Amino acid sequence: MADLIRWVRYQWQCLLTAEGRTFSSSQEHYSQSGLGKPNRPPKPTGRHRIVIPCLGHFKEEYEKISKAYMNNKIRTTKYTLLNFIPRNLFEQFHRAANLYFLFLVVLNWVPLVEAFQKEITMIPLVVVITIIAIKDGLEDYRKYKMDKQINNMLTKVYSRKEEKYVDTRWKDVIVGDFVRLSCDEIVPADMVLLYSSDPDGICHIETSSLDGETNLKQRQVVKGYAEQAYEVDPEKFSDRIECEIPNNDLNRFRGFMNHQKKERVGLSKENLLLRGCTMRNTETVVGIVVYAGHETKAMLNNSGPRYKRSKLERRLNTDILWCVLLLVSMCLVGAIGHGLWLSAYREIPLFKVPEPDGNHTPPALAGFYMFWTMIILLQILIPISLYVSIEIVKLGQIYFIQNDVDLYYEKLDSTIECRALNIAEDLGQIQYIFSDKTGTLTENKMVFRRCSIAGMEYSHEENAKRLETYQEIDSQDEDIPDAACGLLSNTTRQKTNSCCGAISSPVSCKSLNNLSDTSSLLSREGDGVSSIPRCRHVAFSSPMEKDVIPDPLLLRKLYQIKPHSPALSEDTSGELFLETMYIMDFFLALTICNTVVVSTPNQPRQKMRVPSLFRTPMKSLEEIKQLFQRFSVPKVNSPSLSSGKEQSSESPGTLASRFSFFSRMKQASPVTDGTSQKPNELQIASDQPPVEELIPNDIANMDASVAAGSSCVDAGSLFEYSSAFKLCYEAESPDEAALVHAAMAYKCTLLARTPDQVTIELASLGPLTFQLLHILPFDSVRKRMSVVVRHPLSNRVVVYTKGADSVIMDLLCTSSDADKKEMQQMEIKKITQEHLDEYAKGGLRTLCIAKKVMNEAEYAEWLNSHFLAETSIDNREELLLASAMRLETGLTLLGATGIEDRLQEGVPDTIEALRKAGIKIWMLTGDKQETAVNIAYACQLLQQDSVIFTLNTQTKDACEVLMKSILKEIQNDNPVSWVNPRARRVLSTETPKQHYGLVIDGKTLEYALHESLQSKFLELAERCRAVICCRATPLQKSEVVKLVRNTLKVMTLAIGDGANDVSMIQAADTGVGISGQEGMQAAMASDFAVSRFKHLLKLLLVHGHWCYTRLANMILYFFYKNVAFVNLLFWYQFFCGFSGTSMTESWMLILFNLLFTSVPPIIYGILDQDVSAKILLQLPELYKAGQKSEAYLPSTFWITMMDAFYQSLVCFFVPYFTYWGSDLDIFSFGNPMNTATLFTSSLHLLTESKSVTWIHLSIMIVSFVLYFLFALVFGAICKVCSPPANPYWIMQKHIADPVFYLVCTLATCVALLPRFLYRVLQCTVFPTPLLRAQHLRKLTPEECRESIR
């Protein structure tokens, strides 16, 4: 009872004072005074952080708790000068291949098994490790320079010693410091906002460095500090902050602050300034640091580049294991052969040297030693240079992808961004694509098309005609002329200067990407004459999005009221009040229920404020009733209120057309003390034209802020006190921008927004200021957004809600008493649902608009529980969700909107080509079913002759039964139409092969993803050509991708543009983000970022095919040349008693694969083109070769191995039989073999190359020259390099010997003959589609087109 008395006393004091104090502040005081909070704050559970300043009486406590806090110095480098070598070596030897070669190096130092000179064996490993170490060192040094630059940036930190703010390096900032920032400075650490120079206690930040979004976001001062007129004094700060431990969630911050009087105030992300954000439009802010350095959210999200293992790389690792097994087998043969060869001697041979003790090694033990010697000798069977070559090839492939002009989008000045460098080849093997709809398949440029208010449908036909013929003008380069010129029949429109007509250069700003100050000047025309103020380009503000032509019927209602002396009858007055309030509340909801930031163009991104003299005072319900009774309405014959759609604009067909709005009014001149006149002093505008003259002539003469719905509002036409100025709207989503622009077209204009109030200008009432009590933001669970305001006319608490019809319709008020009002509401709900279905069938995005009026007791009860949720740390999200759901019940439906989102250019052709390529495409969207299906038909994902099954069930059992029935019908191919209403079937007998499509809603999808139904769902989905999942949550999207990828073992790609697509993108094998209208979250989380969906076509069909084919063939070639060369040593063992002797000099043996034959395959892997890009796009079916991994099948690998064995046999035995019986030394015998193998492997690569350029030939010639040059120089200077043999002057002798040339030529021709014959037969007798496509480039353009047909 005492709490209630305190609350009443405080409310009475607020009514007596004229301080302009907002209701939200009073509610804060009331809640803090005892009613809204428990007597004692509950003791926090879990691990929390306590933040106190290192000042005053907190100093001793701070020293105890600050030991666990990190400083603000960051280090993104891995190495230092001292630990670079050991740590880099430690990381490199985590790779199995490097460990293998290190083992061989160590093994070669064992005298019993030594095969080469100890130093020579180390060369391959040292070269590879050195190259990688240099690369790692350069990358780390670049990070070091950036870290040093950031850590030494300066900011203002309060110094207790000097009792003022002093310049301090970022690295010296600690938790508990007070930091002062100015406009355009970067936030050095995560800090709670305690002061802002803005009178409303807000500041604006730009978070582009964190999430890529350039639109401004508001942050507000902690409650209790926002009302302070002076900057917070750190010396007097005695509050304590308790918050959650550091985490990487950018969209969450939980905590509370205990004031001196033990009053608790909740902290949220709205009070937190994140490290890396840039201050905008605020002169000064002060905050206290809560997280510093690597504990800041920005650094916790900096996880570095992602590493994904491609499918080809996984296959490569398997084949490496086969090579290891092959190596072991060859070594076993050598060990057994050596033991048998020694056992064949009855006496001890002369060449067998005894051990120091005089004993001889037994043959079995000698065979064991020989096994390890053979391991060292044949080590090059495992291609150590392959891994380095693959990295180089991938870098080259990525370079050409990023520099493809066809993947450049001029309007956004952006090209493709490859964020994952190691999975480019996966682009050529995609089998399933999971795509979002909005912003991915569509433009995400939302245009207001139609609306329904109180059961009355307004079609906006003129607006539809404008959209059909509209040609968008680039607003970044020139002023916008008559955007919709000629679209209004018999009308003309004056040219308007849009605030977004040109981009004004931003002021000097600091950023993490560009730390140097930059400055730019505003453009000027003429000498001494400043140009017209213009703002920067604002998201969601293109002319197509802004220009909205009002519906004539709805616009007529806004001007149809005329003064009438007699009072209205009670009956008519009730219907009038209901209709009028529906219309007014509808537009109020469109204007208020959002987070749009208002700014001005002459000071870019500066928020707009309205002087307090225009803040409408509170009005009681009695005053509202008197206000309505002062106006009359011309009676129009029409049926009941909820009769549905209009018949024509000239003769309204429903009772709703009788109800029109207030006559246009203006307020009397305000008094000097800043208060406004009372309602009874409002006067009717004397210059109001009659309705006959207003439409359409008044429309023709409207300025752009009303008729065109421009985002730049000429406020001089709205207010008599001000000179002309314009407003710009910055919205976080295109839906919000479209609705605000639509409301503006009907002269319901958003003028200003602060944390505690929203000011609008309504057509007939002038400026109104709504006290903003709470904002309940949109989330994927509730699928709606709400704002709680105190209405300036009725002084009552009103909740405005907008959201998906699937949830809003279930939240409408229901009553057992079927009174007249309830009957009308039920009828409105029914007709509005019909309108929503019609909008969805037309491909429009739909939203429902609703409201709820609360009395003070209801609001106080809800506020009490909401306060507890706001001030909790543990489970805050769950408590806030429950609080929001308690509030959003018993709603009154106001109407619905239909917003058009047009398809991107080239989407239907792209989907059709991808489908021909054998890729199945699924659409995963949160939109309603009808909208998704319509878009699917428009983009050719579904076709008119397809069989469509729709899964909408309410229970899991029903879902299972329905899926079984559909599967049975598909299996039986029953020609009878499906009669179940939940699975409709559209049959077409014109096509011989039926194509099926599946449509499933979010609720049914939840059942289908259950473990017991997953197999049935996948079986059904596999039989369908396309699958559309509607009303899917982000979690469901990722679950669908994981289910298909893991169960079907297919290559998946997910593409989306919004934050709700991030989980889906990360779950797929390849994630593609679109840098579009909804920020950069999807692009930053993706592997590849593109600007348009159509870019996916060339990315997959051309670059994906090339990357996979090139890399697969290059890997096979590496296996081939290593096996072919190492087998020369293996065949020689049969003629030297398996003694591990090499007929090739050690240096030549090591450098053959490392240097002489390594560059040509790298060039091949980067530049080779089997089919041209033009043909690959014309014949998408060629992409199926990559899906089937035809270039790198297990059979292909083993055929390559057998070919390598054959070629090695030829290259060995042709010289062997040629020099049979001669007295050649061992190195003279091996030199022709090495040379023949070099020619064979090089010409083998030339045979496999599909496009030979001068680069290929040049590199190959350089390899030959380098080989002969090394052999000549080495043979000339090395007299005793490999005792007892001597390579001296060997190559010089062979060059002068004609037999040498004959041997090399004969061996090369015989070795390549089988492969050459195989390729000839393959091209002539059984050509593959790729080979046929290669033949097309030899034809003329006319012949090529004819062949493709």
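Excluded from the calculations below are hydrogen atoms, water molecules and symmetry mates; all remaining heavy atoms, backbone and side chain alike, are included. The structure displayed is predicted, hence computed values, not measured ones.
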For the student: nearest non-hydrogen atoms of R314 and R309, plus distance: NH1-O, 2.8 Å
Contact summary for L1246 and L1257, nearest pair of heavy atoms: CD1-CD2, 4.2 Å
Inter- and intrachain pairs under side chain to side chain donor-acceptor pair (under 3.5 Å), touching residues 1190-1200, at least two apart: D319-Y1192
Option among Y1117, W322, F1119, F1118 that satisfies the ring pair (Phe, Tyr, Trp, His ring centres under 6.0 Å) test with F1197: F1119
Contact summary for S1242 and F1264, nearest pair of heavy atoms: OG-CE2, 3.3 Å
Smallest separation among heavy atoms of G1165 and V393, with atom names: O-CG1, 3.4 Å
Sequence-distant partners of L395, side-chain contact (heavy atoms from CB on, under 4.5 Å), two or more places apart: L421
F84 and Y79 aromatic ring geometry - parallel, tilted or perpendicular at 30°/60° bounds: perpendicular
K311 side chain reached by E425 side chain, heavy atoms, under 4.5 Å: no
Donor-acceptor under 3.5 Å (D1168 side chain, S1249 main chain): no
Partner residues of Q1169 under the side-chain contact (heavy atoms from CB on, under 4.5 Å) criterion, sequence neighbours left out: W1106, R1110, S1251
N/O donor-acceptor pair under 3.5 Å between N1113 side chain and T1109 backbone: yes
Criterion side chain to side chain donor-acceptor pair (under 3.5 Å) on Y1164 and E1248, from CA distance to verdict: CA-CA 9 Å; Y1164 170 81; E1248 294 299 307; 5.6 Å; no
Side chain to side chain donor-acceptor pair (under 3.5 Å) evaluation trace for D1170 with H1105: CA-CA 9 Å; D1170 56 346; H1105 172 82; 2.8 Å; yes
